[in-house]
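Right, one structure below, let's go through it.
We use all heavy atoms of the structure for the numbers below, so side chains are in, but hydrogens, waters and symmetry mates are not. Order of appearance sets the numbers: ligands from 1, and atoms from 1 within every ligand.
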Amino acid sequence: MKKKRVFSGVQPTGNLHLGNYLGAIKNFVNLQSDNDCIYCVVDLHAITIKYKPEELRLNTLEIIASFLAAGLDYKKSILFNQSSVSAHAEFAWILNSVSRIGWMNRMTQFKEKAGEDKENASVGLFVYPTLMAADILLYDATHVPVGEDQKQHLELTRDIAQKFNNDFNTEGFLTIPEPLIQREFSRIMSLRDGKKKMSKSESSDQSRINLKDDKDIIAQKIKKAKTDSLPIPSNKSEFHSRTEAENLINIYQSVSGSSLENVLKDFGGKNFSLLKEKLTEILIEKICPIGDEINKLLKDQKYLKSVLKEGNLKANEMANSKLDKIYNEIGILNVD
Ligand code: AMP
Ligand code: TRP
């Protein structure tokens, strides 16, 4: 089987949570042994909303620490930060001229992040998806592991690549990437409201399990997690609109690695206290060691920077070679 070229990105906008881990990073780790993998800390995406410069630097290192703690190996996968490869911003500018305003206007993430006051959102937030397309297309990625919330951006990336290939008559020049979305765990929901996704930007910390939460905090958050008064269903079709129940079962299934049938067999008909007890145990067993490792790695910033430096070199080499070809295709004069 031909190796996949895998690319994905994570924003350095604060603590990583269980949704990031189960929806994306766990899959990054699974993919790294058999494929060419490139994982990027997308710092230029993080500046499209209000942020603090002094936090951005630390958050960037924290994502690299989280990648390593979750099991990524910088000798196998390329780990780097987006701004260190200037080709991303250059190619994004080119793609801004390929993309159509109508396409951007349909992006739901922009609508969600801009909120009520769209006129006051940054232009960067509006064209965020062209930078994401540039990230992916620069490396001829064939597969992009992401959570369900990024599906629309991936479809847009495919449209942009196709239009570029058509406009410049370069069929096959930009590789059309496939999304890799884990079906069951593509959307981990908030612990306080099963209709909202677990998110870094949600104001209540009770709504999420952060990778760095200690065991007491995990126990307390799961204890307080919203449920309903009915027993746990014995089969999937009985979940209906019981989103909180479904979410806890999904999390248990994903973290424990067992099948949904087995989980429903074990917990069906019982009440939530047993599930919560077992879920707390398994989260403490699987998530706390990752959090401990993140904290340990963060104490050695020199090491984390050396990991980034190595990735930055490799990524620059690949991206610059593609960017030269792109400039050539679009008719930019090169006198070297
Ligand atoms: P971000 O932190 O927004 O850069 O997201 C990093 C990755 O985590 C992306 O692939 C997202 O799709 C994924 N992700 C974020 N939140 C969730 C969630 N609640 N459930 C599943 N995947 C998520
Ligand atoms: N937009 C993605 C998110 O919010 C992050 C991202 C940026 C990304 N560039 C990417 C994901 C390229 C996959 C591939 O989660």
Side-chain angles (χ1 to χ4, degrees), residues 5-29 31 37-49 51 59-60 62-63 66-67 70 80-83 85 88-89 91-92 95 107-110 112-113 124-125 127-158 160-161 175 177-202 207-211 243 246-247 250-251 254-255 315 319:
R5 166 72 59 80
V6 174
F7 186 100
S8 196
V10 176
Q11 296 191 70
T13 44
N15 278 333
L16 286 184
H17 53 70
L18 199 60
N20 298 125
Y21 179 66
L22 299 178
I25 295 169
K26 201 164 163 239
N27 209 12
F28 296 0
V29 179
L31 287 160
C37 296
I38 307 164
Y39 298 120
C40 179
V41 186
V42 290
D43 45 10
L44 294 178
H45 276 115
I47 66 170
T48 57
I49 53 172
Y51 75 102
N59 285 342
T60 303
E62 182 153 338
I63 301 291
S66 308
F67 279 174
F80 76 110
N81 64 318
Q82 190 183 33
S83 60
V85 180
H88 289 243
F91 189 29
L95 295 183
M107 293 298 113
T108 51
Q109 183 171 295
F110 174 76
E112 276 167 29
K113 287 200 176 174
L125 188 65
V127 293
Y128 174 116
T130 55
L131 178 58
M132 177 162 165
D135 297 340
I136 297 165
L137 301 175
L138 258 183
Y139 297 88
D140 290 313
T142 56
H143 292 83
V144 183
V146 280
E148 152 89 27
D149 60 337
Q150 296 303 311
K151 196 168 166 218
Q152 195 185 33
H153 286 159
L154 252 296
E155 278 157 11
L156 179 74
T157 301
R158 291 166 59 88
I160 293 173
T175 302
E178 299 282 340
L180 279 181
I181 299 175
Q182 290 176 292
R183 227 165 1 112
E184 292 99 329
F185 323 120
S186 61
R187 206 171 260 266
I188 302 295
M189 309 312 277
S190 155
L191 299 178
R192 308 301 288 164
D193 177 353
K195 288 183 194 62
K196 281 192 191 161
K197 67 171 186 174
M198 189 177 281
S199 158
K200 293 174 193 167
S201 53
E202 177 65 43
S207 68
R208 60 185 163 256
I209 302 283
N210 302 305
L211 295 185
T243 46
E246 189 169 10
N247 190 39
N250 267 339
I251 295 176
S254 179
V255 180

Whether H17 lies under 4.0 Å from ligand 1, heavy atom: yes
Below 3.5 angstrom, do we get any N/O pair linking M198 and ligand 1? yes
Candidate pair Q152 and T108, rule side-chain hydrogen bond (donor to acceptor under 3.5 Å, both in side chains), full reasoning: CA-CA 8 Å; Q152 195 185 33; T108 51; 3.1 Å; yes
Can you spot which of Y139, F28, Y39 makes a ring pair (Phe, Tyr, Trp, His ring centres under 6.0 Å) with F7? Y139
Purely on distance, is any nitrogen or oxygen of I188 under 3.5 Å from one on ligand 1? yes
Ranking N247, V144, D149, V41 by closest non-hydrogen atom to atom 12 (O) of ligand 1, top hit is D149
Using distance alone, determine whether Q11 and ligand 1 share an N or O pair under 3.5 Å. yes
What protein heavy atom lies closest to atom 21 (C) of ligand 1? Include the residue and the distance to one decimal. S186 O, 3.1 Å
Nitrogen or oxygen of G23 less than 3.5 angstrom from that of ligand 1: no
re atom 2 (O) of ligand 1, the protein heavy-atom contact at minimum distance is K200 NZ, 2.6 Å
Which is closest to atom 9 (N) of ligand 2 by heavy-atom distance: V41, L154, D135? D135
To which protein heavy atom is atom 6 (C) of ligand 1 closest, and what is the distance rounded to 0.1 Å? N20 ND2, 3.5 Å
Run the numbers for me: atoms of ligand 2, each under 4.0 Å from some heavy atom of Y128, listed by number. 1 (N), 2 (C), 3 (C), 4 (O), 5 (C)
I need the contact type for V144 against ligand 2. Using non-hydrogen atoms and a strict under-4.0 Å cut-off, is it side chain, backbone, both or neither? side chain
Pairing donors with acceptors under 3.5 angstrom, does anything connect the side chains of Q11 and Y128? yes
For atom 2 (C) of ligand 2, find the nearest protein heavy atom and state the residue, atom name and distance (0.1 Å precision). Q150 OE1, 3.3 Å
Using only atom types and a distance under 3.5 Å, with no angle test, would you say the side chain of Q82 pairs donor to acceptor with the backbone of L44? yes
Report yes if the side chains of R5 and I38 come closer than 4.5 Å at any heavy-atom pair, otherwise no. yes
With atom 6 (C) of ligand 2 as the reference point, say which of P179, G9, A24 has the nearest heavy atom. G9
Which ligand 2 atoms, with their elements, are less than 4.0 angstrom from a heavy-atom of V146? 11 (C), 13 (C)
A student checking ligand 2 against F7 at a 4.0 Å heavy-atom cut-off should list atoms 12 (C), 14 (C)
Between the side chains of D149 and Q109, is a donor N or O closer than 3.5 angstrom to an acceptor N or O? no
the protein heavy atom lying closest to atom 7 (C) of ligand 1 turns out to be A24 CB, 3.7 Å
Nearest-neighbour protein heavy atom for atom 23 (C) of ligand 1, which is reported as residue plus atom name and distance: G19 O, 3.4 Å
For S199 and ligand 1, does the shortest N/O to N/O distance drop below 3.5 Å? no
Atom 10 (C) of ligand 2: nearest protein contact (heavy atom, Å): M132 CG, 3.5 Å
Proximal atoms of ligand 1 relative to R187 (non-hydrogen, under 4.0 Å): 20 (N), 21 (C)
Atom 9 (C) of ligand 1 has as its nearest protein heavy atom G147 N, 4.1 Å
Atoms of ligand 2 under 4.0 Å from any heavy atom of I136, numbered from 1 in the order shown, are 12 (C), 14 (C)
Regarding R208 and E202, does a basic nitrogen lie under 4.0 Å from an acidic carboxylate oxygen? no
Here the atoms of ligand 2 under 4.0 Å from any heavy atom belonging to H45 are 7 (C), 9 (N)
Where ligand 2 meets Q11 - atom numbers and elements under 4.0 angstrom, heavy-atom basis: 4 (O)
